[in-house]
Amino acid sequence: QVQLVESGGGLVQPGGSLRLSCAASGTIFSINAMGWYRQAPGKERELVARIINGGSTNYADSVKGRFTISRDYASNTVFLQMNSLSPEDTATYYCNVNLQTTRWQYSMDYWGEGTLVTVSS
């Protein structure tokens, strides 16, 4: 009933930039938060950035000053602008949305399928 469609991953050289997008659609009553996580090979999934209703954001220390998360409320889309990318940023990036499908449901986390970001020369 809820679909998350991610786009924007790919191969980029060190120092380059990419912009990820994730659009949520389907049965959505309200969205509490939208964010991005990433998982590198052999590592656990980690929070990259998150934005909650009202616009408050939080970032992993490793991306502060380089990544910017934003949200378009009209289209239920979250963006992650990634600048000054380094090989350490190579990972599969997953969109995460915490939302309610109806007024009477508890909020739940939904995940995208992931988009691969590779930073390499």
Side-chain angles (χ1 to χ4, degrees):
Q1 292 184 334
V2 174
Q3 297 82 38
L4 301 182
V5 178
E6 301 156 328
S7 62
L11 173 64
V12 63
Q13 292 187 341
S17 298
L18 281 176
R19 189 187 194 214
L20 305 183
S21 301
C22 172
S25 63
T27 306
I28 299 173
F29 172 71
S30 69
I31 294 177
N32 302 314
M34 305 183 81
W36 292 92
Y37 288 69
R38 67 185 180 187
Q39 186 167 19
K43 295 187 177 181
E44 294 186 354
R45 189 173 297 190
E46 63 175 359
L47 173 69
V48 177
R50 193 166 184 253
I51 183 167
I52 64 174
N53 279 349
S56 295
T57 59
N58 60 292
Y59 295 90
D61 288 342
S62 60
V63 307
K64 284 180 181 177
R66 301 188 297 123
F67 291 10
T68 302
I69 191 168
S70 60
R71 175 181 166 183
D72 179 72
Y73 286 82
S75 62
N76 290 333
T77 301
V78 62
F79 305 95
L80 185 68
Q81 178 66 43
M82 305 185 293
N83 298 328
S84 302
L85 285 161
S86 71
E88 289 70 34
D89 296 313
T90 295
T92 299
Y93 285 69
Y94 296 91
C95 176
N96 170 269
V97 180
N98 183 272
L99 61 83
Q100 292 173 262
T101 55
T102 70
R103 179 190 302 273
W104 303 275
Q105 295 288 332
Y106 289 108
S107 62
M108 291 180 58
D109 281 325
Y110 292 82
W111 293 89
E113 294 186 351
T115 184
L116 179 63
V117 171
T118 303
V119 185
S120 175
S121 55

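In this chain, residues are counted from 1 in sequence order.
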What pairs of residues pass the disulfide (SG to SG under 2.5 Å) test when at least one of them lies in [range], not counting sequence neighbours?
range          : answer
residues 24-59 : none
residues 33-74 : none
residues 48-86 : none

Which residues satisfy the side-chain hydrogen bond (donor to acceptor under 3.5 Å, both in side chains) test with Gln1, sequence neighbours excluded?
->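 Testing Gln1 for side-chain hydrogen bond (donor to acceptor under 3.5 Å, both in side chains), a comparison that skips the adjacent residues, returns none.
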Would you mind telling me which of Ile69, Ile51, Asn96 makes a side chain to side chain contact (heavy atoms under 4.5 Å, CB included) with Trp36?
->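 Of all the options given, the one that passes is Ile69.
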How would you list, by chain and number, every residue that makes a side-chain contact (heavy atoms from CB on, under 4.5 Å) with Thr102, sequence neighbours excluded?
->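 Once residues adjacent in sequence are excluded, the partners of Thr102 under the side-chain contact (heavy atoms from CB on, under 4.5 Å) criterion are Trp104, Gln105.
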Qualifying ring pair (Phe, Tyr, Trp, His ring centres under 6.0 Å) pairs, either residue in residues 47-75, two or more places apart |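 Checked against ring pair (Phe, Tyr, Trp, His ring centres under 6.0 Å) - neighbours excluded - no pair reaches residues 47-75.
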Write out all pairs satisfying salt bridge (charged side-chain N to carboxylate O under 4.0 Å, His left out) with one or both partners inside residues 46-65, taking only residues at least two apart or from two chains.
->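 Only Arg38-Glu46, Asp61-Lys64 qualify under salt bridge (charged side-chain N to carboxylate O under 4.0 Å, His left out).
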Salt bridge (charged side-chain N to carboxylate O under 4.0 Å, His left out) contacts in which one or both residues fall within residues 69-85, not counting sequence neighbours |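 Salt bridge (charged side-chain N to carboxylate O under 4.0 Å, His left out) check on residues 69-85 returns no pairs.
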Scan the side chains in residues 5-33 for donor-acceptor partners under 3.5 Å anywhere in the protein, sequence neighbours excluded, and list what turns up.
unit_1, atom_1, unit_2, atom_2, d
Glu6, OE1, Glu113, N, 3.3
Glu6, OE1, Gly114, N, 2.5
Glu6, OE2, Cys95, N, 2.6
Ser17, OG, Asn83, OD1, 2.9
Ser25, OG, Gln3, OE1, 3.4
Ser30, OG, Gln100, OE1, 3.1
Asn32, ND2, Asn98, OD1, 2.8

Starting at CG of Leu85, measure out to OG1 of Thr90 and round the result to the nearest 0.5 Å.
->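 Going from CG on Leu85 over to OG1 on Thr90, the span is 8.5 Å.
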Atom CE in Met34, atom OG1 in Thr77: separation rounded to 0.5 Å?
->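 Result: 6.5 Å between the selected atoms.
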Thr101 side chain near Val2 side chain, heavy-atom distance below 4.5 Å =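 When only atoms from C-beta onward are counted, Val2 and Thr101 do touch, with a gap below 4.5 Å.
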What residues, two or more places apart in sequence or in another chain, satisfy salt bridge (Lys or Arg N to Asp or Glu O under 4.0 Å) together with Arg66?
->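 For Arg66 the salt bridge (Lys or Arg N to Asp or Glu O under 4.0 Å) partners, ignoring immediate neighbours, are Asp89.
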Under the salt bridge (Lys or Arg N to Asp or Glu O under 4.0 Å) rule, collect the residues that match up with Lys43, sequence neighbours excluded.
->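 Once residues adjacent in sequence are excluded, Lys43 has no partner under the salt bridge (Lys or Arg N to Asp or Glu O under 4.0 Å) criterion.
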Under 4.5 Å side-chain linkage, directly or through intermediates, the cluster mates of Leu47 =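 Taking Ile, Leu, Val, Met, Phe, Trp and Tyr as members, Leu47 shares its hydrophobic cluster with Tyr37, Tyr94, Trp111.
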